[in-house]
Number of protein chains: 2
Amino acid sequence: MSDAPTDHPAPAAHPELSALALEPYAPKAQRAIWLQIYHRLAEAIERGCVAPGSKLPGEVQLAELFAVNRITMRRALALHQSEGRLQARKGVGIFVRQKPRHFEVRSDMTFADSLAADGGVISTRTLLLDRAPASAEAARLFGLAPGAEVIRMHRLRLLDGAPIYLSRKEFPPARFPRFEADYAQSGSVVAVYRAAGIPHYRRAETRVRGGLASREEAEILGLTPKTPVQHVTAINRAPDGAAIELNRGCWPMASVELVFSEDG
Amino acid sequence: MSDAPTDHPAPAAHPELSALALEPYAPKAQRAIWLQIYHRLAEAIERGCVAPGSKLPGEVQLAELFAVNRITMRRALALHQSEGRLQARKGVGIFVRQKPRHFEVRSDMTFADSLAADGGVISTRTLLLDRAPASAEAARLFGLAPGAEVIRMHRLRLLDGAPIYLSRKEFPPARFPRFEADYAQSGSVVAVYRAAGIPHYRRAETRVRGGLASREEAEILGLTPKTPVQHVTAINRAPDGAAIELNRGCWPMASVELVFSEDG
DNA sequence: CAGTGGTCTAGACCACATG
DNA sequence: ATGTGGTCTAGACCACTGG
């Protein structure tokens, strides 16, 4: 097959990859071929040979490049997806994700402050704000009857336009009779706290639990399903000790580091 | 548990699995077959139909049971390995792991206390105790010249005989001139602290970062390589503020929940 | 429509652990 | 020597996305 360069409109054919693919593989069973391909790709991505955001050649083309079967090629690609370096979109292609920035999410800051401290442009999309039956944990935490209503909010945080953090919050309605109005005005939960007469609050407890992204989480965060994620549950309390927020967050595992230090 | 590491030779044919395998699959493309098999297996394991520690039928046999190709079967099995429910050993078989207990590892306790609080039998194996050049982070933390020697210790924690936590510690030698002797006598790092005139210490900082197990980590912890794990870095300081320990821990992601609360 | 990634099959060879 | 899981291939069909 002569590689006739028909007018490819975009991705520049990635000559870097071709070079990588030419080296012979290490003796068999030394390391699996798919792992060797994985490492070569990792190096190419890490060194920036393939630009973040750019589209890779198709799987079949890559498989030809590296002279392996498509299935073998897919194993290398799949591992990179697990680690957050690549992102495949069905019917579209495989893309190099923005270099996974490691956010330091500090227990003594709001997440927004933690993110902003890193120098990126953070934006927020409120996906959902309504009233719904409390989750079991929220009901217990807020001292509500099972099935009682809470204020529910889903928000997506984006860094330079790319989804980076999904949070699902519940609030006790008794404390926030005007939640929707206050939030609409400020767009800030801390402002809602203030408006409700809670000038200060404290992060009373934070729990971290690893898992694999559900289909829904993966879709919202732009991840491959079953990618490892961090589930972070945080409880905020008012100075009087009452719980005022239960927050369940979800981060791509590869792009966050949680930092807990003893003083604020 | 009376389930000693000695292998019971009888896999018992797992009639439960046969029953699961008989149900027809959902209409095509509703959910992938391998995912359906995955869910059936998950349910069987969760309900205890297949005993923890027991050996599953071989892959070929399983593939026959579920009437799919071996590759397809392997996808279902692989996901369970990622989630810590199954563990494959080459040349041996696939085993059901002990039900993943979720340890609450609290920032205000030693890990040992966190574990013991859960009611399991915790044992410790000291894998390594020597002096070696400091890691970059340890040198900076302890204020040593790059390449200076530190005391290095690797320990493995086991719950009921099963590996559950790997820790790799570094200590500044100046603070602990008799580390080896003190540790040999007590087997406890806290006791070494005391013997060195540090009756109290504080966990100054804890960092949590998800990742995939390296080959070495996987081997020590009895995991499939590239299984998701939690890397926990902790810094202990003496009352005078000086760092006395840098600890890098590694947990199977599926079996730990890290809890940080504001008061001890 | 054409091209993409996602799934599935049938068969093969290998390295490894066990008896 | 046997059976195990790990790897790899060749070819096929599907669902989805985009122009």
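Naming convention: chains lettered A, B, ... in sequence-line order (proteins, then strands); numbering from 1 in each chain. Remember, it's a predicted structure, so these values are computed and weren't measured experimentally.
Judged by distance alone, with hydrogens and angles left aside, the side-chain atoms of B:Glu217 form no donor-acceptor pair with the main-chain N or O of B:Cys250 at under 3.5 Å. Checking side-chain atoms of A:Gln230 against main-chain N and O of A:Val208 turns up no donor-acceptor pair under 3.5 Å. Put simply, the side chain of B:His80 gets close to the backbone of B:Tyr38: a donor and an acceptor are under 3.5 Å apart.
Between A:Thr72 and the phosphate of D:dT9, there is a side-chain N or O to OP1/OP2 separation shorter than 4.0 Å.
Spacing between atom CG of A:Leu62 and atom P of C:dG3 amounts to 17 Å, rounded to whole angstrom units. Look at CH2 on A:Trp34: it is 16 Å from C1' on C:dC14, rounded to the nearest Å. Going from atom NZ of A:Lys55 over to atom P of C:dT4 covers 6 Å, rounded to whole Å. Between the P atom of C:dG11 and the CD atom of B:Glu59 lies a distance of 18 Å, rounded to the nearest Å. Between B:Asn69 atom CG and D:dC13 atom C1' there is a gap of 15 Å when expressed in whole angstrom units. Atom CD1 of A:Ile37 and atom C1' of D:dC8 are 11 Å apart (whole Å). The CE atom of B:Met73 sits 14 Å away from the P atom of D:dT4 (whole-angstrom rounding). For the pair B:Leu86 CG and D:dG5 C1', the computed distance is 13 Å after rounding to whole Å.
In terms of polar N and O atoms assigned as donor or acceptor, the side chain of B:Arg70 comes within less than 3.5 Å of the base of D:dG6 in a complementary pairing. Taking only distance into account, the side chain of B:Arg89 never meets the base of D:dG6 through a donor-acceptor pair shorter than 3.5 Å.
In this structure, a donor-acceptor pair under 3.5 Å is absent between the side chains of A:Thr126 and A:Arg155. For the residue pair B:Arg248 / B:Ser135, a side-chain donor-acceptor distance below 3.5 Å is found, with atom types taken as modelled.
If you find the closest nucleotide of DNA chain D to B:Ala88 and to A:Leu35, the one lying nearer the 5' end belongs to B:Ala88. The 5' end of DNA chain C is approached more closely, in terms of each residue's nearest nucleotide, by A:Val60 than by the other of B:Arg75 and A:Val60.
At a threshold of 4.0 angstrom between heavy atoms, the contacts of B:Ile71 include nucleobase atoms, whether or not backbone atoms are also involved. The residue A:Arg74 sits close to a base: some heavy atom pair falls under 4.0 Å.
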